[in-house]
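Whatever order the structure lists them in is the order used to number ligands and atoms, beginning at 1.
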Amino acid sequence: MRMIKDTSPKALYIHIPFCVKRCNYCDFNSTVSASNTIDRYLDAVEREFETLKDRYLFHTVYIGGGTPTVLNESQLERLLDSAIHYGMVSDNTREFTVEANPATVTQAKARLLKDHLVNRISIGVQSFQEKHLKMLGRIHTGDDAKDTFALLRKAGFHNINVDLIFGCPGQTLNDWEKDLEVAIGLYPEHVSTYALTYEDDTPLARDLQNEVISNLDESVELEMYKTAITYGTDNGYNHYEISNFAKSGYECVHNNFYWKNLSYAGVGAGAFSFINGVRTAHEKNVLSYIDGILQNNDTTVFRERLPDAQSAAETVVMSLRLRKGVSNADFYERFGCKIDDRFRDQIGNLSREGLVSYEDEHLRLTEKGLFVADTVMAEFL
Ligand code: SF4
């Protein structure tokens, strides 16, 4: 089996690793830093833009974090100006997303985003209920989240995602339904729902270990997930990916590059890139990253050329996240064989158990498979 296509990245991720405060469940690469560190970080990011200039034409750009909207107005303006100046984004960029957290967006910041070609906002709401927000260690209230949504709408954003978390300790199905109701009542174009995970070395994981809190029963979490699907689809959202719901035409284009295991470039501390079959990652530590980039050192701390077999397996696993599944034609074009030729045994067993099926030349999870997706995917790795 051989990889045929050698594609340049069409998606760019820019990481802003700063937050007002660390949330209790967070294991993302983010820190609380002084404003002058952020300024130096932006110097480094600009340097990376300079390197990428004229090399690739990005169809989608995603600024995530951390909390990009923790940048003050002049820092945010500088970041957006330089993204445009170095050609990372232009009028032709199909999707330009910025992550925003409630209580960090001002009217002036919303206007800056709007005036700098940003056409999609993803708001980290997580919950509208104070008890859960407090447990998660979020800095905002439920009302802050609603206000931020309203402010961004007023600024002219017509493509807004709302991120929600379910499965919080002590959360009931009724609590979750209320969160879904409030979220959908805002009429966002896109909703993401993720189950809470207890990542190692987070305050929440320690509380769990010390029995200060207890996690929800798996069956309750499953019920919550099913409820999200029912709410989403009943309200006109297309459940197009395991955790994602969109109004027609508002499916996230950027994430689609990840789900299809296609090339992407990453800028910033800890950012991954996947270009021409090689996966690399930048230094994670913010200060080491800044110093390395500004001193023209190689800040790559991880590099692996994916063996063809691994790349094929990862493509199937990632694409199975999409409700549409993995396209046989795309797989053939990329790997020179059909999915079945490569994974005959796995697909045979999973089909017999009713967990995957073929539809329109796509291998996809059945509804039964959707609820045990992790187990199904493990079969391919
Ligand atoms: S806002 Fe997001 S990135 Fe920042 S600490 Fe909280 S979960 Fe982590």
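- At least one heavy atom of Gly66 sits under 4.0 Å from some atom of ligand 1.
- Atom CD1 in Ile84 sits 11.5 Å away from atom CE in Met88 (nearest 0.5 Å).
- With hydrogens and angles disregarded, no donor-acceptor distance shorter than 3.5 Å links the side chain of His85 to the backbone of Asp81.
- Between atom CD of residue Glu46 and atom OG of residue Ser82 there is a gap of 4.0 Å, rounded to the nearest 0.5 Å.
- Side chains of Asp144 and Thr141: a donor-acceptor N/O pair is present below 3.5 angstrom, by distance only.
- Salt-bridge annotation for Asp143 and Lys146: present, with a side-chain N of the basic residue lying under 4.0 Å from a carboxylate O of the acidic one.
- Listed by number with element, the atoms of ligand 1 under 4.0 Å from a non-hydrogen atom of Phe28 are 3 (S), 8 (Fe).
- Looking at Tyr231 and Glu181, their side chains do bring a donor and an acceptor atom within 3.5 Å of each other.
- Residue contacts with ligand 1 for Cys19 involve side-chain atoms from C-beta outward but no N, CA, C or O (heavy atoms, distance under 4.0 Å).
- Atom 8 (Fe) of ligand 1 lies at 2.8 Å or more from every N, O or S atom belonging to Cys23.
- Set against the non-hydrogen atoms of Lys21, the atoms of ligand 1 under 4.0 Å away are 5 (S).
- Contact atoms of ligand 1 toward Thr67: 1 (S), 4 (Fe) (distance under 4.0 Å to a heavy atom of the residue).
- The nearest protein atom to atom 1 (S) of ligand 1, hydrogens excluded, is given as Asn101 ND2, 3.2 Å; this is a heavy-atom distance.
- Against a heavy-atom cut-off of under 4.0 Å, Arg22 is close to the following atoms of ligand 1: 5 (S).
- Of the protein's heavy atoms, Cys26 SG, 2.3 Å lies nearest to atom 8 (Fe) of ligand 1.
- In terms of protein heavy atoms, atom 7 (S) of ligand 1 is closest to Tyr25 OH, 3.5 Å.
- The local environment of CG in Asp234 is crowded, with over 12 non-hydrogen atoms from other residues, nucleotides or ligands closer than 6.0 Å.
- With salt bridges taken as basic N to acidic carboxylate O contacts below 4.0 Å, none links Lys154 and Asp147.
- Only the side chain of Arg138 comes within 4.0 Å of ligand 1, judged by heavy-atom distances.
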